[in-house]
Protein chains: 2
Amino acid sequence: MKKASLNDIAIHLGVSKTLVSFVLNGRGKEFRISDDICQKVMDAAKEMNYQPNRIAQGLRTGKTNTIGLIIADIANPFFGKLGREIEKEAALNGYSVIFCSSDENPEKSKQQIAMLQQSQVDGYIISPPMNSEPQIRALSKGRTPFVLIDRYFADIETNYIVVDNFDAAYKATTHLLKLGRKKIANITVNLDLVNMKARTEGYKKALTDNGILVDKNLIKVLPFSHESMDISLAITELVGHKEDLKADAILFSTSKLGLNGIECISALGLKIPDDIAIVSFDNADAYKICVSPVTVVAQPLQEIGKKAVNIILDKINSPNGTPKFQQYTLKTEFIIRKSCGY
Amino acid sequence: MKKASLNDIAIHLGVSKTLVSFVLNGRGKEFRISDDICQKVMDAAKEMNYQPNRIAQGLRTGKTNTIGLIIADIANPFFGKLGREIEKEAALNGYSVIFCSSDENPEKSKQQIAMLQQSQVDGYIISPPMNSEPQIRALSKGRTPFVLIDRYFADIETNYIVVDNFDAAYKATTHLLKLGRKKIANITVNLDLVNMKARTEGYKKALTDNGILVDKNLIKVLPFSHESMDISLAITELVGHKEDLKADAILFSTSKLGLNGIECISALGLKIPDDIAIVSFDNADAYKICVSPVTVVAQPLQEIGKKAVNIILDKINSPNGTPKFQQYTLKTEFIIRKSCGY
DNA sequence: TTTATTTACTAAATCGATTTAGCTAAAATA
DNA sequence: TATTTTAGCTAAATCGATTTAGTAAATAAA
């Protein structure tokens with residue numbers, strides 16, 4: 001039982017494959033194929049379980065109906081949920097998605113871009129690792145549309161969708177201040193990523209706007225490959241002795257940090273929010289069932305996913321359409337739970 | 001700047017594309033192409049930033065170096081982690097992965113299989129929804145290898161990788177019994193899936209082996225689209241009044257159930273493990289930072305992912321190799337945390 | 001009746017690679 | 001010197017679709 005091709009149908013019916021192609025593309029009328037023959041072709045296609053070879057179509061038409069997605073790690077629930085939204089919207093429009101996890105490694109993402117390029121994807125959705133500017137710049141010289149998500153590079157003109165990280169961090173920090181916290185720390189990862197940088201900037205601005213000096217010792221910047229050890233250490237440093245806590249609140253810039261952080265905090269015997277208040281970016285499921293459910297900055301994942309796909313489709317359908325670049329900065333949602341006290 | 005093809009290089013150097021193809025495939029020596037020309041071709045390829053068109057290669061060779069993956073939902077951390085392992089192992093072997101989330105919907109998975117088929121994937125890794133036997137049966141009539149993961153159909157001979165769900169549930173239940181729990185409930189989803197069925201069977205066997213009658217009222221089977229509401233209801237039914245709990249322990253058959261369940265339990269003001277002990281399948285991150293970290297049955301996700309990919313590669317490389325079907329039932333790991341008391 | 005138009009279809013080129021079969025000139029052998 | 005072998009390369013077919021440019025026969029118009 002090998003697959004039937006267009007030609008097989010043509011031979012079987014004694015007609016040309018041109019005709020079969022016309023009919024199966026629903027263009028029978030347009031090309032004045034008689035109803036009788038149209039019906040026969042369609043019947044034969046069904047009977048022979050004809051499945052068009054998308055590879056061959058792709059070669060001929062230059063369109064593969066495939067989108068390449070590069071994110072940090074599909075196992076990370078934030079990206080998992082985002083990936084799901086992207087897959088969903090793509091499927092609605094007849095596109096498949098090739099998933100690539102870059103681990104925030106620019107070398108990997110470079111290889112993945114090359115691979116996707118070779119696969120002739122019709123567009124890319126990319127969450128670019130730091131130090132991947134050259135690759136993104138190279139991409140923008142090509143004709144294949146792409147959109148950056150989660151972060152972008154200020155000095156490269158591209159389509160992008162991000163959230164207002166500065167604003168979100170500002171509000172989160174202000175929230176902690178209003179609840180009487182004075183020594184607010186920020187645990188984050190490498191600040192070369194614009195989104196992470198904006199979060200810390202928002203945090204700082206909220207402090208200074210409220211007359212509090214930024215204390216460098218309260219900002220812990222971890223390397224990307226942060227292991228529990230790193231976080232443990234950072235938290236221990238922040239906390240010091242239980243009787244004399246250096247920090248009374250922590251803003252975690254990612255949920256991975258936050259989840260590990262909470263584990264450490266519990267291990268140290270500290271109570272949330274009594275000893276220390278917590279706010280985190282990203283609405284991880286775990287945050288709902290914590291000892292004290294965690295107040296979070298939630299990102300509009302569905303909107304990001306939908307928009308990303310639709311920008312790509314837009315660009316595919318009208319490569320020279322306006323505006324030349326679509327750039328969105330979406331609002332986040334601040335969800336208040338018990339982890340900051342009341 | 002449009003992409004350079006093999007032919008472009010050939011024209012540029014005034015040689016045949018056959019020659020270029022030979023050289024770039026590293027078969028220059030084999031075909032006695034002079035070192036001088038070899039070098040020139042390779043230089044030109046680099047200079048012109050030649051990227052082979054995988055679509056064209058795929059059409060000619062019948063190999064796309066692509067694997068299709070169908071799971072329930074990539075946003076579910078269990079599948080996210082599994083997907084990651086699969087992607088990783090595939091990438092190591094030069095394969096890309098097209099991700100599809102079926103939502104446990106057989107209609108969707110049918111369409112996704114058709115789409116992957118049209119995309120000429122070299123193999124499938126599938127976690128088949130219930131009622132998807134016909135599609136799987138159809139697949140096994142084709143020549144493209146596939147492997148089922150997480151579940152399989154007893155009456156279709158296929159490659160598969162599952163875990164010993166019966167054994168895992170048996171041990172988990174026994175653990176609860178040893179700690180003195182008498183009224184152990186099981187919350188699960190539709191039992192038509194063999195893996196879910198095995199979990200409940202293992203639970204039952206452990207009870208009867210310990211002289212405890214199986215109480216149907218303590219087994220709650222939720223529909224797949226289980227909303228928090230369903231779980232709330234199930235738990236309220238199990239619990240009844242706080243003074244007179246119907247159940248003193250719950251075995252959750254999936255982490256999605258468990259996470260929602262714990263949320264409900266907390267909302268009802270019940271304490272884990274004092275009022276009620278908890279064991280769950282799947283080692284969700286959230287379980288580590290719960291009020292009482294949750295004892296779990298952890299699946300060897302890396303092993304599953306690696307094996308799945310390698311079975312596919314095996315079958316691609318030797319379609320008629322032995323054994324005809326590779327079938328693995330892997331052991332789970334039982335991780336004891338605080339949620340059952342001591 | 002002749003020409004123009006319409007109907008219903010087909011041949012062949014094309015996309016970009018791989019691969020088989022074969023060709024020419026030089027070198028080796030008889 | 002004649003023949004075989006080897007080195008070094010190329011033409012053309014092929015994968016399975018799409019699409020352009022056409023053709024033959026039937027019908028309509030002149």
Side-chain angles (χ1 to χ4, degrees), chain A residues 2-41 44-45 48-66 115 117-122 143-144, chain B residues 2-41 44-45 48-66 115 117-122 143-144:
Chain A
K2 90 179 140 220
K3 293 169 203 162
S5 73
L6 256 197
N7 206 31
D8 294 335
I9 299 182
I11 290 173
H12 180 245
L13 293 177
V15 298
S16 72
K17 55 183 177 172
T18 307
L19 185 151
V20 178
S21 173
F22 286 158
V23 172
L24 293 182
N25 284 317
R27 306 175 69 192
K29 275 274 165 302
E30 184 183 337
F31 289 94
R32 301 176 302 229
I33 311 299
S34 66
D35 292 351
D36 179 43
I37 296 272
C38 276
Q39 197 55 53
K40 273 189 186 143
V41 168
M48 299 168 79
N49 187 31
Y50 170 70
Q51 305 278 109
N53 183 325
R54 289 227 269 162
I55 257 37
Q57 289 178 322
L59 181 58
R60 176 63 231 235
T61 63
K63 273 212 51 185
T64 54
N65 284 273
T66 302
M115 185 274 287
Q117 215 164 322
Q118 296 176 9
S119 296
Q120 314 295 121
V121 295
D122 296 333
R143 334 171 98 67
T144 313
Chain B
K2 93 179 140 224
K3 293 172 205 162
S5 73
L6 256 197
N7 206 30
D8 295 334
I9 299 182
I11 290 173
H12 180 245
L13 292 178
V15 297
S16 73
K17 56 181 177 176
T18 308
L19 184 150
V20 178
S21 173
F22 286 158
V23 173
L24 294 182
N25 284 317
R27 305 175 70 192
K29 276 274 166 301
E30 183 182 340
F31 287 96
R32 302 178 299 228
I33 311 299
S34 67
D35 292 351
D36 179 44
I37 297 271
C38 277
Q39 198 53 53
K40 274 188 186 145
V41 168
M48 299 168 80
N49 187 32
Y50 170 70
Q51 304 279 111
N53 184 325
R54 289 227 268 163
I55 256 37
Q57 288 179 323
L59 180 58
R60 175 62 230 239
T61 62
K63 272 211 51 185
T64 54
N65 284 272
T66 301
M115 185 273 287
Q117 215 164 323
Q118 296 176 9
S119 296
Q120 314 295 121
V121 295
D122 296 333
R143 337 169 97 65
T144 312

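The sequence lines fix the lettering, A, B, ..., with proteins before strands; numbering per chain opens at 1. In what follows, every heavy atom counts, from backbone to side chain, and hydrogens, waters and symmetry copies are set aside.
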Heavy-atom closest contact (B:I55 atom, A:G58 atom, distance): CG2-C, 4.2 Å
DNA chain C contacts among residues 22-32 of chain B, heavy-atom distance under 4.0 Å: B:F22, B:N25, B:R27
Residues which pass salt bridge (Lys or Arg N to Asp or Glu O under 4.0 Å) with B:K63, listed by chain and number, not counting sequence neighbours: none
B:S119 side chain vs B:V121 backbone, donor-acceptor pair below 3.5 Å: no
Contact summary for B:L6 and B:S21, nearest pair of heavy atoms: CD1-CB, 3.7 Å
Sugar-phosphate, base or nothing in reach of A:S21, heavy atoms under 4.0 Å: base
Side chain to side chain donor-acceptor pair (under 3.5 Å) partners for A:T64, two or more places apart: A:D122
Within-4.5 Å side-chain heavy-atom neighbours: A:L19 and A:S16: yes
Distance test, side-chain N/O of B:S34 to OP1/OP2 of D:dA7, below 4.0 Å: no
Side chain A:T18 and base C:dA12 donor-acceptor under 3.5 Å: yes
Distance in angstrom units between A:N53 CG and D:dG16 C1', rounded: 6 Å
Integer-rounded Å distance: C:dT20 C1' and B:K17 NZ: 14 Å
Residue-phosphate contact under 4.0 Å: B:S5 side-chain N/O, C:dA17 OP1/OP2: yes
Atom-pair distance (CG on B:D8; C1' on C:dA17), nearest Å: 12 Å
Test item: A:R54 and B:M115 side chains (from C-beta on) under 4.5 Å apart, heavy atoms: yes
Position toward the 5' end of DNA chain D (nearest nucleotide), B:V15 or A:P52: B:V15
Taking every non-hydrogen atom, the tightest pair across A:L59 and B:A56: CD1-CB, 3.8 Å
Of B:A56 and B:D35, the one whose closest DNA chain D nucleotide lies more 5': B:D35
Distance, rounded to the nearest Å, where A:L19 contributes CG and D:dA24 contributes P: 18 Å
Least distance between heavy atoms, A:D8 atom then A:K3 atom: OD2-O, 3.8 Å
For B:R27, salt bridge (Lys or Arg N to Asp or Glu O under 4.0 Å) partners two or more places apart: B:E30
B:D36 CG to D:dG8 P, straight-line distance once rounded to whole Å: 11 Å
Minimum heavy-atom distance A:Q57-A:P52, with the two atoms named: NE2-CB, 3.7 Å
Separation of D:dA17 P from B:Q120 CD (nearest whole Å): 8 Å
Whole-Å gap separating P (C:dG16) and CG (B:L59): 12 Å
Whole angstrom value for the distance that separates C1' of D:dA12 from CZ of B:R60: 11 Å
Protein-nucleotides 3-5 of chain D N/O pairs closer than 3.5 Å?
none

Where B:A44 and B:H12 come nearest, the two heavy atoms and their spacing: CB-ND1, 4.3 Å
Contiguous pairing runs of three or more, Watson-Crick or G-U under 3.5 Å, that involve DNA chain C: C:1-30 with D:1-30
Sugar-phosphate, base or nothing in reach of B:I37, heavy atoms under 4.0 Å: sugar-phosphate
